[in-house]
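Written below as structure tokens is the structure these notes are about.
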2 protein chains.
Amino acid sequence: MTDDTTPRERRAKRTRKAILDTAMQLIVEKGPDKLSLREVARRIDYSPAGLYEYFGSKDELVEAACSEADRRLGIYLNGVDPALPPGDYLVELGLAYVRFARENPEHFLFLFGNREANFEHMLPLEDDFQTDEDWGKHDPNFALLISAVQRAIDADVIQTRAGFDTLEIAYTVWALAHGMASLQARYMPHLRLNYAATDRHAMRIMIAGLGHTLPE
Amino acid sequence: MTDDTTPRERRAKRTRKAILDTAMQLIVEKGPDKLSLREVARRIDYSPAGLYEYFGSKDELVEAACSEADRRLGIYLNGVDPALPPGDYLVELGLAYVRFARENPEHFLFLFGNREANFEHMLPLEDDFQTDEDWGKHDPNFALLISAVQRAIDADVIQTRAGFDTLEIAYTVWALAHGMASLQARYMPHLRLNYAATDRHAMRIMIAGLGHTLPE
DNA sequence: CGTAAAACCCGAACAGTGTTAGATAATCCA
DNA sequence: TGGATTATCTAACACTGTTCGGGTTTTACG
């Protein structure tokens, strides 16, 4: 089970994880911009310079924390039962997305509240061949959404039309889920409403609406 | 027309505006976290300490920039013709919201990408009486949305149901618009699709869906 | 083994930051 | 004009990210 890693590699991996963990904790506590390398070093009994053996810069560390948050979001999404009917599956996918934001608001806000840093690692620089959904090649979460939408289309649960195909539909349901997630992550304590029920209702309205054919 | 202000007050207002303007420009250029008071001072030929006559701290300056961005968003929203039919008005309101984000992505991201700083000024601290929509008392933009939704309900363009009333409906359409806005502000160059057309279609689906009565 | 090389970690320094206190210059009002 | 008030600056403090050079430990190899 244990990889054929040398003790050195195992140690390095462990301290790297320690750095990343305290960094994420610090980010949750005070926000990403207030993250201090020196504070991280202090908490794990390292010298500030010592961190540079594991992360080339503060930005690189933040980027790693970003990827980690993205990975955790993926856990929520993959927890949805893929055996559900295509329509229900899309609904639950959106609700899982929102639930991640509700249960980890700091992670969510930080994941999507970062200037450009994010998604540079999952997007090849300057690739013009973004015709369809080779996005998924670099972002497994987005790939999951695309395939779910495609399945709903194939099952005739969702209707396409000219200029409103798989990509546009995926964007639409992502937008709804992302909007609810963002609003909750920010204004949860202020806006008093039954989020779980409201989200499900909203999601159902959207999926159902994508199944009808709108006039004009 | 000119207020009965003393020359002193006019000067103060002017330099205050100068500080705020260069701060916003700097935020657009490098992001809010990279904003440097010293750089602001440098650009308007002031000493760093001089700024503290006008803004008590960096956070206060960022907060002011936030309010300014919120005000500009309000200009977009109030630009929608209120004589439109209630349904169309809601659609156009959402599209104006998204257009603001598309045309001023940095302002939008910074407006909603700030840890708690934002909206502390429009929310009385610790007010438990958030029963309905006295939010609007403090956020005119939200008030506009609420009244638009209420009008659509009164005109029977939108249907309420138990647990899904004005506030929940407003939250839902806000979420959709906010999601599209956020995604575009972040991934505009990467996701290649006709945003204007897609957004309008998505918005119409949602509003139309809110008019039907969903089973179960 | 023993030794060279690589990996690891640290102390000190540099340039930059937000913020404050005290001194100085500019403005207003009598 | 003088005197009081306001506006601004200089200097400093306590931070920050980052780099450089030198020790110390661990690995790899003959």
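Chain naming here is simple, since letters A, B, ... match the order of the sequence lines and numbering starts at 1 in each. Here the structure is a predicted model, which means the values were calculated and not measured. Side chains included, hydrogens not; waters and symmetry mates left out as well; all remaining heavy atoms used.
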Does any donor-acceptor pair link the side chain of B/Arg38 with the base of C/dG16 at a separation under 3.5 Å? no
Side-chain N or O of B/Tyr52 closer than 4.0 Å to phosphate OP1/OP2 of C/dT20: no
May I have the step-by-step check of salt bridge (charged side-chain N to carboxylate O under 4.0 Å, His left out) for A/Glu9 and A/Lys13, ending in yes or no? CA-CA 6 Å; A/Glu9 286 172 319; A/Lys13 196 162 193 171; over 6 Å; no
Starting from the 5' end of DNA chain D, give me the residue, A/Arg42 or B/Tyr54, whose nearest nucleotide shows up first. B/Tyr54
Whole-Å distance between D/dG17 P and A/Asp33 CG? 12 Å
If I take atom CG in residue A/Asp45 and atom P in nucleotide C/dC10, what distance separates them, rounded to the nearest angstrom? 9 Å
From the options C/dC10, C/dT27, C/dG18, select the nucleotide whose nearest atom is closest to the side chain of B/Arg11. C/dT27
Sole residue of B/Leu73, B/Ile75, B/Val80 in side-chain contact (heavy atoms from CB on, under 4.5 Å) with B/Leu77: B/Leu73
Base, sugar-phosphate, or nothing for A/Ala12, non-hydrogen atoms under 4.0 angstrom? sugar-phosphate
Grab the CD1-C1' distance between A/Ile44 and C/dC10 for me, whole Å please. 13 Å
Once you apply a heavy-atom cut-off of 4.0 Å, does A/Leu61 come out as touching a base, just sugar-phosphate, or nothing? nothing
Does A/Ser36 or B/Ser47 map to a spot on DNA chain D nearer the 5' end, using the closest nucleotide for each? B/Ser47
Without decimals, in angstroms, what is the distance between B/Glu60 CD and C/dG18 C1'? 14 Å
Please tell me if B/Arg14 has a side-chain N or O lying less than 4.0 Å from either OP1 or OP2 of D/dA7. no
Could you tell me whether the side chain of A/Val173 reaches within less than 4.5 Å of the side chain of A/Met203, counting heavy atoms only? yes
What is the ring orientation for B/Tyr187 with A/Trp174, classed by angle as parallel under 30°, tilted 30 to 60°, or perpendicular over 60°? parallel
Just how far, in rounded Å, is P of D/dC9 from OH of B/Tyr46? 7 Å
With respect to the side chain of B/Ser57, which nucleotide from C/dT19, D/dC9, C/dC10 is positioned closest? C/dT19
